[in-house]
Chemist: 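Can you read through this structure? Questions will come right after.
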There are 2 protein chains.
Amino acid sequence: MNPVAYSRGVRHDDEEPVGADALDRVSWALRQADWAVQGLKEQRLRSLGMAAAHYALLICIHFDPGLTGAELARRLNVTPQAVASLVARLEGRGQLERRPHPRHRHVQELHLTDAGREALREADALVVEVERQATEKLGPEGTALLTALLRQVTEAAREA
Amino acid sequence: MNPVAYSRGVRHDDEEPVGADALDRVSWALRQADWAVQGLKEQRLRSLGMAAAHYALLICIHFDPGLTGAELARRLNVTPQAVASLVARLEGRGQLERRPHPRHRHVQELHLTDAGREALREADALVVEVERQATEKLGPEGTALLTALLRQVTEAAREA
DNA sequence: TGTTAACTGTCAAGCGCTTGATATGAATCC
DNA sequence: GGATTCATATCAAGCGCTTGACAGTTAACA
């Protein structure tokens with residue numbers, strides 16, 4: 001640990017390669033917060049033998065049953081192949097099932113099984129607890145404010 | 001898109017597997033914001049032939065010259081092997097150099113070369129622009145508030 | 001002084017994801 | 001109706017990272 005390792009003296013024209021506040025930027029704080037929260041989530045879910053990626057996939061299908069693999073890939077920010085791999089594993093566990101699409105013959109709908117719903121219920125209880133611990137100090141209004149700010153950042157970054 | 005795909009009727013004892021607000025949680029908003037910002041960063045840095053991971057590594061060493069690989073791994077949230085791989089590549093480009101540690105013979109210090117500093121300077125200009133675009137709508141006080149909230153979440157998640 | 005403990009760095013193997021390419025089905029345009 | 005375009009799913013190869021294991025170095029301790 002050496003917070004003042006870089007000597008900040010008088011500024012010449014372009015002597016300073018990067019701003020001195022580079023480690024205090026929003027994107028860095030964002031990254032660390034996501035690491036901390038997702039890491040905690042992963043750790044807690046491990047007691048159920050479930051990865052955080054599996055939880056995210058299941059909950060997406062829970063709210064939008066019949067979702068297609070490609071659409072799921074977009075929401076989870078991964079490639080369709082990665083989704084296919086996850087789906088195959090979850091299907092093997094009997095938590096997920098693939099049904100033929102009513103209109104498109106080549107497309108497959110994804111649906112939760114009863115076992116999948118039960119696993120999701122247990123997992124969500126743990127995730128809710130993680131969420132509670134993470135936002136404990138912020139209070140309800142602080143949490144709502146944080147969420148709103150994050151949405152603005154997301155929107156701004158997406159349309160840039 | 002089917003926002004109301006899940007029918008929310010009267011609640012029985014434990015009929016609802018997960019809370020209806022699951023997709024509005026902070027951790028999900030956090031994840032999407034990070035995806036959006038980091039993705040934009042990656043996209044912009046690609047014009048310089050630099051990956052976001054390389055930028056993060058270089059800027060860490062910039063502020064703490066002589067950093068060790070293991071310490072760097074902790075800060076970047078990856079394994080020491082992953083750092084070694086990145087370092088090898090950056091060293092091959094002449095942007096980084098490994099010097100013997102003054103006290104520990106087996107340990108190697110990491111330092112930026114002049115080329116590394118120049119590459120970092122160019123990259124940081126792009127990152128600053130990304131940061132500006134992402135926080136444009138928030139204003140200075142909104143940005144500061146967001147950063148403070150994120151730090152609280154990080155701290156809470158880490159100590160849980 | 002020898003021993004233990006802690007930390008660093010590296011090798012090997014495996015896994016998950018990505019990029020690239022291909023095939024199928026469906027909708028649109030002429 | 002046939003050709004074009006688009007979207008989904010899947011196969012193959014490659015890459016980056018992780019887990020697990022091991023060796024070298026230093027400091028703390030009895």
Side-chain angles (χ1 to χ4, degrees), chain A residues 1-2 31 34-35 38-39 41-43 45-46 49-58 60-61 64-93 96-111, chain B residues 1-2 31 34-35 38-39 41-43 45-46 49-58 60-61 64-93 96-111:
Chain A
M1 314 288 182
N2 190 0
R31 198 123 230 264
D34 197 42
W35 283 343
Q38 297 298 329
K41 221 187 265 191
E42 198 91 42
Q43 175 188 335
L45 287 176
R46 195 164 302 156
M50 182 183 291
H54 296 160
Y55 166 79
L57 196 155
L58 290 177
C60 278
I61 297 180
D64 277 309
L67 220 51
T68 176
E71 175 61 25
L72 205 42
R74 283 187 286 268
R75 300 196 186 184
L76 297 178
N77 204 34
V78 293
T79 58
Q81 292 88 331
V83 169
S85 175
L86 292 172
V87 165
R89 183 166 307 188
L90 292 172
E91 191 183 20
R93 292 187 192 173
L96 205 64
E97 64 176 1
R98 298 191 289 183
R99 303 180 192 164
H101 194 285
R103 299 180 57 88
H104 302 262
R105 199 173 343 213
H106 189 239
V107 180
Q108 292 167 348
E109 285 188 341
L110 297 173
H111 291 270
Chain B
M1 310 291 183
N2 189 1
R31 197 128 231 254
D34 197 41
W35 283 342
Q38 296 299 328
K41 221 187 261 190
E42 198 91 41
Q43 176 188 333
L45 287 177
R46 195 164 301 157
M50 183 183 290
H54 296 160
Y55 166 79
L57 196 155
L58 290 178
C60 277
I61 297 180
D64 278 309
L67 220 51
T68 175
E71 176 61 25
L72 205 42
R74 283 186 285 267
R75 300 195 187 185
L76 297 178
N77 204 33
V78 293
T79 58
Q81 292 88 333
V83 168
S85 175
L86 292 173
V87 165
R89 183 166 307 189
L90 292 171
E91 191 183 21
R93 292 188 193 173
L96 207 64
E97 63 176 1
R98 297 191 290 184
R99 303 180 193 164
H101 194 286
R103 299 181 57 89
H104 302 261
R105 196 169 350 204
H106 189 238
V107 180
Q108 292 167 346
E109 285 187 341
L110 297 173
H111 291 268

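So that the names make sense, note that chain A is the first sequence line, chain B the second, and so on, each numbered from 1.
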Chemist: Quick one: list whatever passes side-chain contact (heavy atoms from CB on, under 4.5 Å) with B:Gln38, sequence neighbours left out.
Modeler: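 Listed in chain order: A:Ser27, A:Arg31, B:Asp34, B:Lys41.
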Chemist: Going by salt bridge (Lys or Arg N to Asp or Glu O under 4.0 Å), name the residues that satisfy it together with A:Arg93, two or more places apart in sequence or in a different chain.
Modeler: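 Once residues adjacent in sequence are excluded, A:Arg93 has no partner under the salt bridge (Lys or Arg N to Asp or Glu O under 4.0 Å) criterion.
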Chemist: My understanding is that only residues two or more places apart in sequence, or in another chain, count here; which of them pass side chain to side chain donor-acceptor pair (under 3.5 Å) with B:Glu91?
Modeler: B:Arg98
Chemist: Where do N or O atoms of nucleotides 8-10 of chain D meet protein N or O atoms at under 3.5 Å, pair by pair?
Modeler:
residue : atom : partner  : partner atom : Å
D:dT8   : OP1  : A:Arg74  : NH2          : 3.2
D:dT8   : OP2  : A:Arg74  : NH1          : 3.3
D:dT8   : O3'  : A:Thr68  : OG1          : 3.2
D:dT8   : O2   : A:His106 : ND1          : 3.2
D:dA9   : OP1  : A:Thr68  : OG1          : 2.9
D:dA9   : OP1  : A:Gln108 : N            : 3.3
D:dA9   : OP1  : A:Gln108 : O            : 3.4
D:dA9   : OP2  : A:Thr68  : OG1          : 3.0
D:dA9   : OP2  : A:Gly69  : N            : 3.2
D:dA9   : OP2  : A:Ala70  : N            : 2.8
D:dT10  : O4   : A:Gln81  : NE2          : 3.3

Chemist: When you list every nucleotide of DNA chain C with an atom under 4.0 Å from a heavy atom of chain A, which one comes first 5' to 3', and which comes last?
Modeler: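 Reading along DNA chain C, I get C:dG16 to C:dA27.
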Chemist: B:Val78 and side-chain contact (heavy atoms from CB on, under 4.5 Å): which partner among B:Val83, B:Leu57, B:Leu86, B:Leu72?
Modeler: B:Val83
Chemist: B:Arg89: which residues meet the salt bridge (Lys or Arg N to Asp or Glu O under 4.0 Å) condition with it, sequence neighbours left out?
Modeler: none
Chemist: With A:Glu42, which residues qualify under salt bridge (Lys or Arg N to Asp or Glu O under 4.0 Å), at least two apart?
Modeler: none
Chemist: Quick one: B:Arg105 CZ to D:dT25 C1', roughly how many Å, whole number?
Modeler: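 The distance from CZ of B:Arg105 to C1' of D:dT25 comes to 8 Å, rounded to the nearest Å.
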Chemist: Which residues pass the salt bridge (Lys or Arg N to Asp or Glu O under 4.0 Å) test with B:Arg46, sequence neighbours left out?
Modeler: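 With sequence neighbours excluded, B:Arg46 shows a salt bridge (Lys or Arg N to Asp or Glu O under 4.0 Å) to no residue whatsoever.
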Chemist: Using atom types as modelled, flag every donor-acceptor pair under 3.5 Å from a side chain in residues 99-106 of chain B to any protein atom, sequence neighbours excluded.
Modeler:
residue  : atom : partner  : partner atom : Å
B:Arg99  : NE   : B:Glu97  : OE2          : 3.0
B:Arg99  : NH2  : B:Glu97  : OE2          : 3.0
B:His101 : ND1  : B:Arg103 : N            : 3.0
B:His101 : ND1  : B:His104 : N            : 3.1

